[in-house]
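Computed from heavy atoms alone, side chains included, the values below leave out hydrogens, waters and symmetry copies. Start at 1 with the first residue, then count along the sequence. All of these numbers come straight from a predicted model, not from anything done at the bench.
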Amino acid sequence: MIPLLDIQNLSKRFGERIIINDISFSIGEGEKVGLIAQNGVGKSTLLSIIAGEEPQDSGKVIFRNGIRVGFLHQKQTFNPEETVLQTCFPQSALYPPTPSAAAWSASPLFDAQPSTAAYAQSDAIASDYASEQEDALILKAKQVLTSLKIPNLNQKISQLSGGQQKRVALASVLITEPDLLILDEPTNHLDLEMIEWLEAYLRRGNKTLLMVTHDRYFLDNVCNQIIEIDDNTIYTYRGNFSYYLEKRQQRIDVRNATIASANNLYRKELEWMRRQPQARGHKARYREEAFYELEKIAKQRIQERQVRLKNSNTYIGSKIFECQYVSKSFPIEGKDEPLVILKDFYYNFSRYEKMGIVGNNGAGKSTFIKLLLGLERPDSGQFDIGQTVRFGYFSQEGLAFRPDQRVIDVVRDIAEYINLGNGKHLTAAQLLERFLFSRKQQYDYIEKLSGGEQRKLYLCTVLMQDPNFLILDEPTNDLDIQTLEVLEEYLQDFPGCVIIVSHDRFFTDKIVDHLLVFHGNGNVQDFPGNYSQYRQYQKLSPMAESSKGKEVKESKEGKESREGKDGKEGGGKPRKLSYKEQRELEQLEKDIAALEAEKKTIVEELSAGNISTDRIVKHSKRLPEVEAQLDEKEMRWLELQEMGMAT
């Protein structure tokens with residue numbers, strides 16, 4: 001089968017720095033590929049080359065004939081005077097090309113020039129086809145944009161925030177349903193609800209995609225193949241992110257064992273090489289050549305897990321902060337009612353607490369942090385902060401660096417070292433190395449760093465201030481997965497307080513012990529658990545939430561009509577399942593078991609990596625269908641279970 005995309009021996013360098021070195025891979029129909037590499041390795045550059053927006057130094061990018069490609073940039077530029085709808089539909093994207101006069105003359109399928117009548121007939125068909133397609137696309141645009149919380153299709157781009165513009169860019173790519181989707185950080189600027197919607201959207205059908213994202217749950221739930229670029233080498237893993245983690249560790253273990261074995265042999269061969277040429281024997285040329293090959297392997301660096309840092313010198317008092325009945329709202333242009341962020345909100349933050357803040361975009365998460373730090377003033381109430389608290393704030397906006405500064409100097413300007421206690425110190429160079437800046441990179445100028453590397457450096461400047469209360473606002477944006485793993489370990493061992501605002505569910509689950517959930521309109525919920533536990537709680541109580549909403553709307557007469565003779569309401573008591581519903585419940589349990597078994601078989605065969613291409617395509621099409629059916633049947637099973645709890 002011809003792949004949709006075939007990359008052959010691609011290379012790219014900027015000056016002396018090699019960004020991409022002789023890489024090759026292909027993507028077949030239905031494959032959902034996640035591209036993983038460290039910051040600065042050239043992931044975004046590779047996507048730009050594939051999209052034809054950046055030239056390569058050598059190699060080929062080959063697409064299957066006739067396919068349409070949609071590309072989402074990290075930074076999209078728009079005409080500020082256009083509306084949302086005009087931005088989503090440039091004229092060329094309103095409908096796929098149809099056989100027009102130009103197409104007839106250029107098509108290799110036709111040898112003879114068609115008549116004038118054929119031209120006219122073709123243009124009329126194209127006009128009717130365009131009108132039908134345009135209506136369908138506009139309807140689809142409304143559905144996608146509403147899911148991404150852009151309800152006004154006639155609003156000008158200049159009136160949208162940066163995050164809203166990013167969502168319009170994502171919608172414009174999804175709406176036209178290209179044959180191949182190329183997505184660069186699609187989850188940035190999406191709240192958790194939108195990310196879960198996008199996951200479900202991309203899993204449906206037989207979509208083909210290549211994406212760069214550092215959202216590990218997203219990779220796990222969407223991708224069926226992972227491509228990793230490590231040390232200028234491509235590694236392909238035919239499975240999701242969990243499968244990749246397992247197989248990557250096996251690869252590293254084998255590589256480390258090979259290097260260790262090569263080192264032992266290298267020492268013996270080095271002793272032989274140091275002898276005088278006449279003492280080596282006459283048949284030594286092949287052994288010399290083998291020695292130089294062995295030397296290349298032996299000089300590779302063994303990948304070892306770094307020793308986790310334990311900072312025993314950080315002290316924070318028993319009083320952290322008390323949010324004393326704080327209210328905050330903002331006026332909305334053209335509306336009488338303001339946007340309420342907090343309303344008489346009280347919270348007493350505990351010592352050593354690690355809290356996550358989640359909620360939809362615009363609910364007030366970042367505003368809450370700015371109120372705590374004194375960057376915004378509350379309308380009423382106050383924050384009473386303990387005297388020993390030293391905040392370290394990592395903001396979404398980042399930090400402006402001088403391009404002529406060296407990396408190491410930026411960190412040393414803050415401090416030369418951090419005192420870890422017990423006579424131990426962590427120098428600026430050691431901190432940078434821990435966050436994956438090599439000793440050579442530490443002496444590079446800022447202008448050479450990628451966007452992700454500059455975010456990583458900004459994080460190091462915050463940690464170098466030696467705070468005892470870390471506040472991180474979307475810290476995972478643009479950071480590579482290896483850096484996120486280092487940061488997670490650092491925060492797990494951090495002996496102070498932490499507040500995290502993040503849309504990265506994996507990151508939040510590993511760090512926080514409870515959540516503040518901003519529902520909007522001043523409604524803030526304190527939930528004792530991480531994000532996955534919160535979502536599970538939501539799924540298990542849909543009936544309770546539904547009945548609660550109905551009770552609010554009930555009239556007094558409606559309540560009285562359901563009251564029994566004893567004066568108590570009977571509406572709250574679960575009714576018994578009918579015979580038909582009991583049979584449905586039994587059948588659902590059988591169907592769910594069968595679907596789970598089928599899903600397990602498909603995943604195991606895909607993970608084995610030794611099946612034919614046809615089987616891979618077949619499984620890739622079937623797996624999303626099985627998962628969708630499972631979701632539907634499990635939800636119905638939960639509904640019936642809750643209805644029949646009293647039986």
Side-chain angles (χ1 to χ4, degrees), residues 1-8 10 23-37 43-44 46-53 60-74 93 95-97 137 140 144 169-187 195 197-213 215 218-229 234-241 243-244 602-603 605-607 609 611-628:
M1 183 180 291
I2 301 173
L4 262 64
L5 172 65
D6 192 19
I7 304 297
Q8 298 180 358
L10 205 66
I23 65 171
S24 301
F25 64 90
S26 61
I27 298 176
E29 187 175 350
E31 290 183 341
K32 297 175 173 62
V33 180
L35 182 63
I36 292 176
K43 301 183 294 296
S44 294
L46 174 60
L47 297 190
S48 295
I49 291 172
I50 292 172
E53 299 180 355
K60 295 180 180 179
V61 178
I62 303 170
F63 291 98
R64 186 194 291 179
N65 285 337
I67 71 165
R68 296 176 304 157
V69 180
F71 182 35
L72 175 70
H73 301 258
Q74 273 199 60
Y95 50 91
L137 282 173
K140 185 175 180 63
V144 172
L170 175 59
S172 67
V173 175
L174 299 179
I175 289 163
T176 52
E177 295 188 340
D179 302 296
L180 173 62
L181 275 166
I182 301 176
L183 307 176
D184 195 358
E185 296 292 358
T187 63
I195 290 173
W197 172 84
L198 183 60
E199 271 182 7
Y201 181 90
L202 293 176
R203 286 207 312 260
R204 286 199 298 269
N206 193 35
K207 296 179 179 66
T208 305
L209 65 95
L210 170 64
M211 67 176 174
V212 171
T213 180
D215 188 321
F218 195 83
L219 285 167
D220 214 32
N221 294 333
V222 174
C223 293
N224 53 29
Q225 183 173 323
I226 302 293
I227 292 178
E228 181 188 22
I229 304 176
I234 284 277
Y235 299 96
T236 301
Y237 305 84
R238 297 195 176 277
N240 63 7
F241 183 73
Y243 175 81
Y244 154 76
I602 291 172
V603 171
E605 287 194 22
L606 285 172
S607 301
I611 61 174
S612 67
T613 304
D614 290 340
R615 292 281 290 173
I616 291 172
V617 172
K618 182 181 176 182
H619 283 338
S620 298
K621 290 179 179 178
R622 178 58 182 157
L623 186 57
E625 295 173 1
V626 171
E627 289 174 336

Listed by chain and number, what are the side-chain contact (heavy atoms from CB on, under 4.5 Å) partners of Val69, not counting sequence neighbours?
Phe63, Ile67, Leu180, Ile182

With sequence neighbours left out, what residues match Thr187 under side-chain contact (heavy atoms from CB on, under 4.5 Å)?
Ile195, Thr213, Asp215, Phe218, His503

List the steps and the verdict of side-chain contact (heavy atoms from CB on, under 4.5 Å) for Ile36 and Ile229.
CA-CA 6 Å; Ile36 292 176; Ile229 304 176; over 6 Å; no

Side chain to side chain, [X] and [Y], heavy atoms closer than 4.5 Å:
X	Y	value
Asn240	Leu219	no
Val33	Met211	no
Tyr201	Leu174	yes
Thr208	Asp179	no
Glu228	Tyr237	yes
Ile226	Cys223	yes
Leu47	Leu210	yes
Leu181	Leu72	no

Mind checking salt bridge (charged side-chain N to carboxylate O under 4.0 Å, His left out) for [X] and listing every partner two or more places apart, or none if nothing turns up?
X	value
Glu199	Arg505
Lys60	none
Glu53	none

Residues Leu5, Ile62; criterion side-chain contact (heavy atoms from CB on, under 4.5 Å); working and verdict
CA-CA 6 Å; Leu5 172 65; Ile62 303 170; over 6 Å; no

Can a salt bridge be assigned to the pair Arg64 and Glu29 using a cut-off of 4.0 Å between side-chain N and carboxylate O?
yes

Using a strict cut-off of less than 4.0 Å between a Lys/Arg side-chain nitrogen and an Asp/Glu carboxylate oxygen, indicate whether Lys207 and Glu177 qualify as a salt bridge.
no

Polar side-chain atom of Lys43 near backbone of Ala37 as donor-acceptor pair, under 3.5 Å:
yes

Checking Asp220 side chain against Phe241 main chain: does a donor-acceptor pair fall under 3.5 Å?
yes

If every non-hydrogen atom of [X] is compared with every non-hydrogen atom of [Y], which pair is closest and at what distance?
X	Y	result
Val222	Leu202	CG1-CB, 4.1 Å
Asn206	Lys32	C-NZ, 4.4 Å
Arg68	Pro178	O-CB, 3.5 Å

Between the CD1 atom in Ile7 and the CD1 atom in Ile49, the distance rounded to the nearest 0.5 Å is 8.5 Å

OH/Tyr243 to CD/Gln225 distance, rounded to the nearest 0.5 angstrom?
10.5 Å

Determine, step by step, whether Leu209 and Ile27 satisfy the side-chain contact (heavy atoms from CB on, under 4.5 Å) criterion, reporting the C-alpha distance in whole Å, the side-chain angles of both residues, the deciding distance to 0.1 Å, and the verdict.
CA-CA 8 Å; Leu209 65 95; Ile27 298 176; over 6 Å; no

Can you name the residues that form a ring-ring contact (aromatic ring centres under 6.0 Å, His included) with Tyr235, not counting sequence neighbours?
none

Which residues pass the ring-ring contact (aromatic ring centres under 6.0 Å, His included) test with Phe25, sequence neighbours left out?
none

Sequence neighbours excluded, which residues qualify as side-chain hydrogen bond (donor to acceptor under 3.5 Å, both in side chains) partners of Ser44?
Gln74, Asp184

Qualifying residues under side-chain hydrogen bond (donor to acceptor under 3.5 Å, both in side chains), relative to Asp6, sequence neighbours excluded:
Gln8

Set out, in order, the CA-CA distance, both residues' side-chain angles and the distance that settles side-chain contact (heavy atoms from CB on, under 4.5 Å) for Val212 and Glu185, then state yes or no.
CA-CA 5 Å; Val212 171; Glu185 296 292 358; 4.0 Å; yes

Go through the steps to decide whether Arg203 and Glu625 satisfy the test salt bridge (Lys or Arg N to Asp or Glu O under 4.0 Å), and finish with yes or no.
CA-CA 9 Å; Arg203 286 207 312 260; Glu625 295 173 1; over 6 Å; no

